[in-house]
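Each chain gets a letter, A, B and so on, in the order its sequence line appears, and its residues count up from 1. FYI, side chains are in, hydrogens and waters are out, and symmetry mates aren't considered; it's all heavy atoms of this structure.
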Amino acid sequence: AQSVTQLDSHVSVSEGTPVLLRCNYSSSYSPSLFWYVQHPNKGLQLLLKYTSAATLVKGINGFEAEFKKSETSFHLTKPSAHMSDAAEYFCVVRYYGSSNTGKLIFGQGTTLQVKP
Amino acid sequence: DGGITQSPKYLFRKEGQNVTLSCEQNLNHDAMYWYRQDPGQGLRLIYYSQIVNDFQKGDIAEGYSVSREKKESFPLTVTSAQKNPTAFYLCASSKSSNQPQHFGDGTRLSIL
């Protein structure tokens, strides 16, 4: 069975300092992994995706994530936080079952707070 | 601009009433999805459709119904059988089932 766990429900950083949002996954197959961001009362926007190419994935707005198979992790990082980064972040794994449904399994979300 | 449009943005339901949430996309995507989001939780899949005139139940389909008569449209009906409908509802679409999903801005449903 596939699952995804976001290790922190809330992360607070100061503007200009690094961001680390942690995610572990469980999958019997080679996973497709995603990070999405959600601003209040908005839909989800795709930040980046891993689909078995390069293990270091670069996304939009300066975010990147590294796929580590040995640790079953896909942590999201950014060197320097900006006030506009404050939002909810979701780590997501694609479900692989008897039919390719495209079903996504979402983590519980991490709220990123950026202090001035 | 191409995208996904959900309407209305806010919706109120009375006891015993069915309400329908609209989702329209002009991305020419084959697959469409409905999710429910509750505070402090990730998204849960209600229904999905991989092609016109076909749809399948997701993890929490009870109390909901959908139709997919046109490629562009995937409306969700919240029936009176859904006893706890208050939530944020998100519609998504993708070119195919193995492509990333694009999301609308959601509809917030509340009980009067």
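Follow the hydrophobic side-chain contacts under 4.5 Å out from B:Ile111 and you never reach B:Tyr10; the two are in separate clusters. Transitive grouping of hydrophobic side chains (ILVMFWY, heavy atoms separated by less than 4.5 Å) brings B:Tyr48 and B:Tyr35 into a common cluster. Residues A:Ile105 and A:Leu21 are members of one and the same hydrophobic cluster, defined by side-chain heavy-atom contacts under 4.5 angstrom among Ile, Leu, Val, Met, Phe, Trp and Tyr. Cluster annotation: A:Phe90 is not connected to B:Ile60 through the hydrophobic network of ILVMFWY side chains, with a link wherever side-chain heavy atoms come within less than 4.5 Å. Hydrophobic clustering keeps B:Trp34 apart from B:Ile4 (ILVMFWY residues linked when any side-chain heavy atoms are closer than 4.5 Å, directly or through intermediates).
At most 12 non-hydrogen atoms from other residues, nucleotides or ligands lie less than 6.0 angstrom from CD1 of B:Ile51. Around atom NZ of B:Lys14, no more than 12 heavy atoms belonging to other residues, nucleotides or ligands sit under 6.0 Å away.
Looking at B:Gln6, neither its backbone nor its side chain comes within 4.5 Å of chain A, counting heavy atoms on both sides. For chain A, the nearby parts of B:Leu43 are the backbone and the side chain; heavy atoms of each come within less than 4.5 Å.
Of residues 34-49 of chain A, those residues lying under 4.5 Å from chain B by any heavy-atom pair are A:Phe34, A:Tyr36, A:Gln38, A:Asn41, A:Lys42, A:Gly43, A:Leu44, A:Leu46, A:Lys49.
Note that NZ of A:Lys103 is 12.0 Å distant from CD of B:Gln56, once rounded to the nearest 0.5 Å.
Between A:Arg94 and B:Asn98 the shortest heavy-atom distance is NH2-O, 3.1 Å.
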* To do: Carefully, step by step, assess A:Leu104 and B:Tyr33 under the rule side-chain contact (heavy atoms from CB on, under 4.5 Å).
  => CA-CA 10 Å; A:Leu104 301 179; B:Tyr33 310 82; over 6 Å; no

